[in-house]
There are 2 protein chains.
Amino acid sequence: MTQDLILKNISKHISLNEEETAYFISLLKYKEIAKKDRLLKEGEICKNINYVHSGALRAFYNHKGDKEATIMFAIADWWITDMYCFVGQKPAMMYIEAIEDSCLFQLTKQNLDMLFVKVPKFEKFFRILMQNAYIREQLRILQNLSQSAEERYDSFLSKYPQIAQKITQKQIASYLGITPEFLSALRKNKAKV
Amino acid sequence: MTQDLILKNISKHISLNEEETAYFISLLKYKEIAKKDRLLKEGEICKNINYVHSGALRAFYNHKGDKEATIMFAIADWWITDMYCFVGQKPAMMYIEAIEDSCLFQLTKQNLDMLFVKVPKFEKFFRILMQNAYIREQLRILQNLSQSAEERYDSFLSKYPQIAQKITQKQIASYLGITPEFLSALRKNKAKV
DNA sequence: TGAAAAAATTAAGATAGATTAAGAACCTAG
DNA sequence: CTAGGTTCTTAATCTATCTTAATTTTTTCA
């Protein structure tokens with residue numbers, strides 16, 4: 001367990017002195033989670049924002065108790081939470097589940113708020129993090145509105161090859177908004193050509 | 001032309017003293033735009049982020065020269081830009097068009113960057129703005145993945161009644177990701193019941 | 001005010017993608 | 001190493017939504 005990676009992630013956008021670094025580290029909680037275990041369940045208060053040190057996670061929404069809609073994947077060096085419920089400390093709408101054994105650093109809402117007060121530079125860091133997340137989601141919407149399932153599958157593979165390796169077809173399908181059966185048919189078609 | 005509204009918008013999340021207020025106002029450019037005119041065209045560098053003082057705007061992506069995908073609407077007291085292209089000062093992917101005669105306050109990227117340096121509180125303001133935008137887009141993705149066109153139409157009407165009044169069926173359809181013909185059929189169905 | 005343009009509706013035929021069901025190929029835990 | 005559970009595939013059938021095209025209604029602006 002080392003904070004090197006998360007500090008490097010932070011240093012992409014802001015520089016911290018020793019004191020600030022030490023304070024930041026003091027607020028982090030280290031957590032290991034086994035494959036298939038859940039970090040967050042629907043209805044629970046979403047207490048933490050999570051930095052993925054290693055492993056892979058998936059956030060999904062369980063629609064009417066059966067169909068799963070995958071909201072996002074997160075692999076090493078990504079941040080993940082149910083942002084809506086985290087910022088409002090409301091019961092979660094989604095599940096967050098480990099796809100592999102994973103190591104995380106967690107920040108509670110309370111600690112993050114303290115961090116913003118004591119080291120205001122972190123406002124900038126999270127401003128950029130939220131900005132990038134917004135841009136990513138907006139691009140995904142644009143693709144969902146304008147592309148066919150096959151085009152979206154191709155985009156996904158070329159944009160997130162490292163993620164595609166780690167997950168099942170079923171999970172890819174639930175991210176693309178199609179059934180696993182239809183994805184299977186798409187793949188068969190592509191293989192032919 | 002008065003900055004009251006935009007200052008009130010800012011004061012929802014941060015407080016400014018007189019000097020900061022004056023400096024902020026000095027960076028704003030006031031702009032009026034007539035219905036149907038375009039604030040931004042595909043390929044142009046996206047120079048500004050825009051606060052809507054009055055009126056209404058629509059951001060859309062023009063897919064393969066024909067189908068339009070509406071990314072967002074913005075009415076009074078909203079902010080709008082092509083965020084991806086604004087932050088990277090890249091050629092825009094989208095069009096931004098006035099739905100009605102509108103009045104805006106604009107901030108260039110350069111002025112916004114200066115603002116962040118001189119009044120770091122604005123990092124917090126934009127952190128919250130981006131956070132809310134991210135949450136909104138993520139919720140929209142969730143709905144696109146898990147709901148039928150009719151359910152999305154109902155959500156849109158109940159979430160944005162003020163916007164729904166100002167726009168055409170065609171624009172609603174392009175926001176929902178369906179054809180105007182199909183939306184018309186949905187509406188006919190609802191009217192029956 | 002009236003002509004032209006744009007939007008909305010209707011309806012018929014087409015299709016992308018869903019559903020169901022069954023078998024084959026895998027994990028994974030005991 | 002094996003049994004039971006997932007996951008993946010295949011194929012038939014079904015359905016939500018698209019396409020096209022014609023007609024009506026509404027809006028625009030000269």
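Residue numbering restarts at 1 for every chain, and letters A, B, ... go by the order of the sequence lines. Side-chain atoms are counted along with the backbone in the values below, which use heavy atoms only and exclude waters and symmetry mates.
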- For the side chain of B/Lys170, starting at C-beta, report the closest nucleotide among D/dT17, D/dT19, C/dA7. C/dA7
- Item | Side chains of A/Arg58 and A/Tyr175, donor plus acceptor under 3.5 Å | no
- Message: Does A/Lys36 reach a base, just sugar-phosphate, or nothing at all? Heavy atoms under 4.0 Å.
- Response: nothing
- Distance, rounded to the nearest Å, where A/Ile178 contributes CD1 and D/dT15 contributes P: 21 Å
- Among D/dC18, C/dG17, D/dT7, which nucleotide sits nearest the side chain of B/Phe182? D/dC18
- Query: Looking at C/dG17, C/dT19, D/dT17, which one has an atom nearest to any side-chain atom of A/Thr179?
  - Reply: C/dT19
- Task: Send over the distance from A/Asp101 CG to C/dT28 P, rounded to a whole Å.
- Result: 11 Å
- Between D/dT20, D/dT10, C/dG17, which nucleotide gets closest to the side-chain atoms of A/Arg152? C/dG17
- Item | N/O (side chain, A/Lys188) to phosphate O (OP1/OP2, D/dC8) under 4.0 Å | no
- How is B/Ala185 classified with respect to the nucleic acid when contacts are heavy atoms under 4.0 Å: base, sugar-phosphate, or nothing? nothing
- Query: Where the side chain of B/Arg187 is concerned, which of C/dA7, D/dT10, C/dT9 is the nearest nucleotide?
  - Reply: C/dT9
- Message: I want to verify a distance call: between D/dT10, C/dT28, D/dT7, whose nearest atom is closest to the A/Thr168 side chain?
- Response: D/dT7
- Message: Using heavy-atom distances to pick each residue's nearest nucleotide on DNA chain D, tell me which of B/Ser148 and A/Gln169 is more 5'.
- Response: A/Gln169
